[in-house]
Amino acid sequence: QVQLVESGGGLVQPGGSLRLSCVASGLPFSRWHMGWFRQAPGKEREFVSSLTWTGAMTYYADFVKGRFTIPRDNDINTVYLQMNNLEPEDTAVYYCAANKTNARGMQPTYWGQGTQVTVSS
């Protein structure tokens, strides 16, 4: 059974930072592309970032370029989303995602349960 378990969400002030983690189990993590999506209240889920199974290629939504990074550690089956200079518009539930065939334009096969990020003063 595949599981993607996110953690690290919370309340942060504008301009602050958070690091989300996603631990995967039940799949050969080092051979899967990983990504992050988010869903704000009243909005559709949207792509945030993804990277290839090697970590060699990364992709970002325009609204997070230069603020977020997506490292992974294949030794511990974990992908991260480092979020800096957070804005109130970044408030959303953030979901970890996995796909075996594509990182660019990812269509996830598996989803995590989500972790809430709230940016507010």
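None of these values were measured; they are calculated from a predicted model.
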Check step by step if side chain to side chain contact (heavy atoms under 4.5 Å, CB included) holds for Gln107 and Asn102.
CA-CA 7 Å; Gln107 299 293 320; Asn102 289 296; over 6 Å; no
Strictly by disulfide bond (SG atoms under 2.5 Å apart), give each pair with a member in [range] just once, sequence neighbours left out.
| range | result |
| --- | --- |
| residues 55-88 | none |
| residues 50-90 | none |
| residues 9-86 | Cys22-Cys96 |

Students often mix this up, so state it plainly: with edges at 30° and 60°, are the rings of Tyr95 and Trp111 parallel, tilted or perpendicular?
perpendicular
Looking at every non-hydrogen atom in both residues, tell me the closest pair between [X] and [Y] and how far apart they are.
| X | Y | result |
| --- | --- | --- |
| Thr78 | Ser21 | CG2-CB, 4.4 Å |
| Val23 | Ile76 | CG1-O, 4.4 Å |
| Arg72 | Leu51 | CD-CD1, 3.6 Å |
| Ile70 | Val79 | CG1-CG2, 3.8 Å |
| Arg67 | Phe63 | NH2-O, 2.8 Å |

ILVMFWY cluster, Tyr110 and Val5 together (side-chain gap under 4.5 Å):
no
Same cluster for Val119 and Val64 if Ile/Leu/Val/Met/Phe/Trp/Tyr side chains link at under 4.5 Å?
yes
According to the salt bridge (charged side-chain N to carboxylate O under 4.0 Å, His left out) rule, which pairs have a member within residues 39-51, sequence neighbours left out?
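Non-adjacent pairs meeting salt bridge (charged side-chain N to carboxylate O under 4.0 Å, His left out): Arg38-Glu46.
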What residues, two or more places apart in sequence or in another chain, satisfy side chain to side chain donor-acceptor pair (under 3.5 Å) together with [X]?
| X | value |
| --- | --- |
| Arg104 | none |
| Ser120 | none |
| Gln113 | Glu6 |
| Asn77 | none |

Considering only residues two or more places apart or on different chains, which pairs with a residue in residues 4-28 satisfy ring pair (Phe, Tyr, Trp, His ring centres under 6.0 Å)?
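Residue pairs passing ring pair (Phe, Tyr, Trp, His ring centres under 6.0 Å), neighbours aside: none found.
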Do [X] and [Y] have side chains that get closer than 4.5 Å, going by heavy atoms?
| X | Y | value |
| --- | --- | --- |
| Met83 | Tyr94 | yes |
| Val93 | Thr115 | no |
| Ser49 | Phe68 | no |

Using a 3.5 Å cut-off and no angle test, enumerate the donor-acceptor pairs between side-chain atoms of residues 10-20 and protein atoms at least two apart in sequence or in another chain.
| from | atom 1 | to | atom 2 | distance (Å) |
| --- | --- | --- | --- | --- |
| Ser17 | OG | Asn84 | OD1 | 3.0 |

Cut-off 3.5 Å, no hydrogens considered: what does the side-chain donor-acceptor table look like for residues 25-37, sequence neighbours left out?
| from | atom 1 | to | atom 2 | distance (Å) |
| --- | --- | --- | --- | --- |
| His33 | ND1 | Trp53 | N | 3.0 |
| Trp36 | NE1 | Tyr80 | O | 3.2 |

Taking salt bridge (charged side-chain N to carboxylate O under 4.0 Å, His left out) as the definition, give me every residue that meets it alongside Asp62, ordered by chain and number, with sequence neighbours left out.
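If we apply the salt bridge (charged side-chain N to carboxylate O under 4.0 Å, His left out) test to Asp62, skipping adjacent residues, the hits are Lys65.
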